[in-house]
Amino acid sequence: MKDSAPDMLAARYAFSDSVVVKNRIFKSAMSEQLGDKNHNPTDKLVTLYRLWAEGDIGISVSGNIMIDRAALSGARDVVLDQHSDLDSFLRWTAAGSENNTHFWAQINHPGKQIISQLCAQPVAPSVVPLSNGLARHFNLPRALTDEEILALIDKFASCAALCKQVGFGGVQIHAAHGYLISQFLSPLHNRRTDRWGGSLQNRMRILVAIYESIRLAVGPDYPVAIKLNSADFQRGGFSETESMEVARMLDDMGVDQIEISGGTYENPVMMGKMKDSTQARESYFFEYAKQIRTQVNTALVVTGGFRSAKGMRACLQSGAADFVGVARALVVDPKFARLVLADTQSGLTLPRDPQGEHMSIAWYESKIRGLTRQAGTSRVSKISKQEGV
Ligand SMILES: Cc1cc2nc3c(=O)[nH]c(=O)nc-3n(C[C@H](O)[C@H](O)[C@H](O)COP(=O)(O)O)c2cc1C
């Protein structure tokens with residue numbers, strides 16, 4: 001830092017006396033597809049999160065961990081339940097927490113956003129197919145029964161309790177991007193007429209129940225966070241007004257942090273598929289963050305679009321958010337956090353394909369696998385040097 005003003009990006013954040021985060025850089029969840037065939041973390045996952053921890057991230061969130069083995073969003077997802085190998089999770093959390101990094105778990109159920117090869121009949125709030133040409137790749141879901149909904153709430157809670165047991169510093173409930181909880185929130189996807197559908201109060205009932213049962217399972221001092229859509233960006237879908245009401249309710253209930261994103265598989269605005277002026281501003285959901293800041297007291301993270309030290313500091317200085325969420329820049333450069341902390345003029349550009357479009361999720365997943373090899377190689381070459389080989 002060359003400036004004499006205090007650097008907001010480097011400022012600590014205290015959730016409580018015992019939960020203090022060293023800076024405001026938040027690594028957002030990225031599905032790594034590095035679970036083994038039993039959906040336990042592999043050594044590659046351990047290596048990857050050590051690499052990220054070495055890079056000075058304040059809070060590092062895992063890729064989505066599934067709460068139910070019968071509902072995977074990717075073939076190599078990690079699952080955490082009573083059948084998991086807890087030792088492999090302990091190794092993962094130890095590596096991800098190095099360098100005083102807060103390593104949190106994102107926990108998720110994909111609902112109907114499961115490609116057809118992985119599940120013949122996924123579950124969802126209602127029998128509504130995915131639109132926008134996706135119905136070809138995603139099987140029609142069946143509607144969950146009341147009993148099944150209650151069982152899923154319990155699964156979220158027992159998964160969160162295991163997260164605490166294996167050493168994650170907090171949990172984040174994935175309620176964004178069109179997965180199960182987000183399907184319940186959306187009037188377009190949730191057509192139920194029972195206590196889980198209809199009014200916003202009913203549509204958010206599952207999220208409220210999941211939060212409450214997790215809180216009971218992990219106790220009052222353990223960070224419990226939520227990733228929430230600012231909106232689904234679909235006609236008739238979950239709107240900004242509704243999102244704000246949900247956020248207010250969660251704030252009243254004592255949620256420790258809300259991460260703001262937006263979009264679904266049907267309209268993936270979280271990856272920057274939006275109008276140029278929004279992209280140019282660097283933070284896709286900044287305007288919404290500014291509004292929600294006036295409504296809630298809980299810690300806020302805004303994610304999507306950050307590429308430079310300047311953009312990240314401007315967002316924090318505006319007061320709109322307490323943390324800046326970064327995903328793809330940390331794949332392009334796993335030391336991106338260190339870079340922007342050290343140099344106020346630093347930044348990077350994400351690679352684009354020949355048509356100027358963002359590279360796909362599959363492209364980033366393969367880059368993530370590349371990072372595990374890169375990290376492995378540098379370690380080997382260091383050892384070789386020490387040994388004079
Ligand atoms: C490879 C990849 C996997 C992702 N997986 C998840 C995930 O598991 N959970 C989640 O909430 N978001 C996921 N995302 C979305 C990111 O967390 C983030 O919201 C999005 O990439 C926008 O931030 P960025 O512009 O900094 O990349 C993923 C993104 C990428 C590129």
Side-chain angles (χ1 to χ4, degrees), residues 25-35 45 48-49 52 57 59-67 71-74 76-80 104-111 113-114 171-182 225-230 233 257-265 267-274 278-286 288-289 301-308 311-312 315 321 323-334 336-337 340 347-352 357-372:
I25 303 173
F26 177 99
K27 178 209 156 281
S28 290
M30 279 183 282
S31 163
E32 316 85 2
Q33 295 306 301
L34 288 172
L45 209 44
L48 176 66
Y49 278 82
W52 271 324
I57 293 162
I59 299 177
S60 175
V61 181
S62 72
N64 59 172
I65 295 173
M66 296 301 147
I67 60 139
L72 303 178
S73 76
R76 290 291 175 163
D77 277 348
V78 171
V79 177
L80 183 51
W104 292 6
Q106 183 186 65
I107 58 177
N108 190 24
H109 185 298
Q113 283 189 163
I114 305 183
V171 283
Q172 184 191 58
I173 305 164
H174 198 349
H177 300 173
Y179 293 109
L180 184 75
I181 300 174
S182 160
I226 298 204
K227 188 162 183 172
L228 184 69
N229 272 359
S230 58
F233 296 88
Q257 186 197 59
I258 299 176
E259 180 186 1
I260 300 159
S261 187
T264 67
Y265 280 16
N267 189 12
V269 294
M270 66 291 217
M271 305 299 288
K273 288 200 189 291
M274 43 175 50
T278 312
Q279 291 206 36
R281 229 183 14 235
E282 195 162 318
S283 171
Y284 307 149
F285 305 108
F286 179 69
Y288 173 84
V301 187
V302 61
T303 297
F306 288 111
R307 313 281 178 255
S308 73
M312 293 161 85
C315 176
F323 292 89
V324 280
V326 183
R328 286 166 293 179
L330 282 162
V331 179
V332 174
D333 178 0
F336 180 70
V340 291
L348 54 75
T349 335
L350 292 187
R352 302 252 177 177
E357 294 285 327
H358 279 301
M359 305 305 273
S360 64
I361 294 258
W363 187 87
Y364 278 96
E365 279 172 1
S366 103
K367 288 295 274 184
I368 287 174
R369 282 192 291 278
L371 288 182
T372 68

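Remember, it's 1-based here, ligands and their atoms both numbered in the order they're listed. Numbering of residues begins at 1 and proceeds along the displayed sequence.
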- Message: Contact between S182 and H174 at the side-chain level, heavy atoms closer than 4.5 Å - yes or no?
- Response: no
- Any nitrogen or oxygen of N64, main chain or side chain, under 3.5 Å from a nitrogen or oxygen of ligand 1? yes
- Classify the angle between the aromatic ring planes of F233 and F285 as parallel (below 30°), tilted (30 to 60°) or perpendicular (above 60°). tilted
- Note on the structure: among protein heavy atoms, the one nearest atom 9 (N) of ligand 1 is Q106 OE1, 2.8 Å
- Approximate separation, where rounding is to 0.5 Å, of Q172 CD and K227 NZ: 6.0 Å
- Task: Below 4.0 angstrom from a heavy atom of M271, which ligand 1 atoms are there? Numbered from 1 as shown, please.
- Result: 20 (C), 21 (O), 31 (C)
- Note on the structure: Numbered in order shown, the ligand 1 atoms found under 4.0 Å of a heavy atom of V326 are 26 (O)
- Item | Beyond-backbone contact of L34 with R369, side-chain heavy atoms, under 4.5 angstrom | yes
- Message: Looking at Q106, is its backbone amide N or carbonyl O close enough to the side chain of S62 to form a donor-acceptor pair, meaning the two atoms are under 3.5 Å apart?
- Response: yes
- Query: Could an N or O of ligand 1 be found under 3.5 Å from any N or O of A327, whether backbone or side chain?
  - Reply: yes
- Message: Tell me the protein heavy atom at minimum distance from atom 23 (O) of ligand 1, and give that distance in Å.
- Response: G304 CA, 3.5 Å
- Message: Would K227 count as being in polar contact with ligand 1, using the rule that some N or O on each side must be under 3.5 angstrom apart?
- Response: yes
- Got an N/O contact under 3.5 Å between R328 and ligand 1? yes
- Query: Near G305, which atoms of ligand 1 are under 4.0 Å from a heavy atom of that residue?
  - Reply: 24 (P), 25 (O)
- Item | atom 22 (C) of ligand 1 [closest protein heavy-atom partner, distance rounded to 0.1 Å] | M270 O, 3.1 Å
- Atoms of ligand 1 less than 4.0 Å from T303 heavy atoms? 18 (C), 19 (O), 23 (O)
- Message: Quick check: closest heavy atoms across G178 and N229, and the distance to 0.1 Å?
- Response: N-ND2, 4.4 Å
- Residues that H109 engages under ring-ring contact (aromatic ring centres under 6.0 Å, His included), provided they are two or more places apart: none
- Should you measure from each heavy atom of S28, which atoms of ligand 1 turn up under 4.0 Å away? 17 (O)
- Ring geometry between Y49 and W52 (parallel below 30°, tilted from 30 to 60°, perpendicular above 60°): perpendicular
- Task: For atom 29 (C) of ligand 1, grab the closest protein heavy atom and report residue, atom and distance to one decimal in Å.
- Result: M30 CG, 3.8 Å
- Closest non-hydrogen atom pair between Y364 and P351, with its separation: OH-CD, 4.0 Å
- Query: Among all protein non-hydrogen atoms, which one is nearest to atom 3 (C) of ligand 1, and what is the separation to 0.1 Å?
  - Reply: S31 N, 3.3 Å
- Query: Any idea which protein heavy atom is nearest atom 28 (C) of ligand 1, and the distance to it?
  - Reply: A29 O, 3.7 Å
- Go through ligand 1 atom by atom and flag the ones less than 4.0 Å from a non-hydrogen atom of R307. 25 (O), 26 (O)
- Note on the structure: One should read off an interatomic distance between S28 OG and I57 CD1, to the nearest 0.5 angstrom, of 10.0 Å
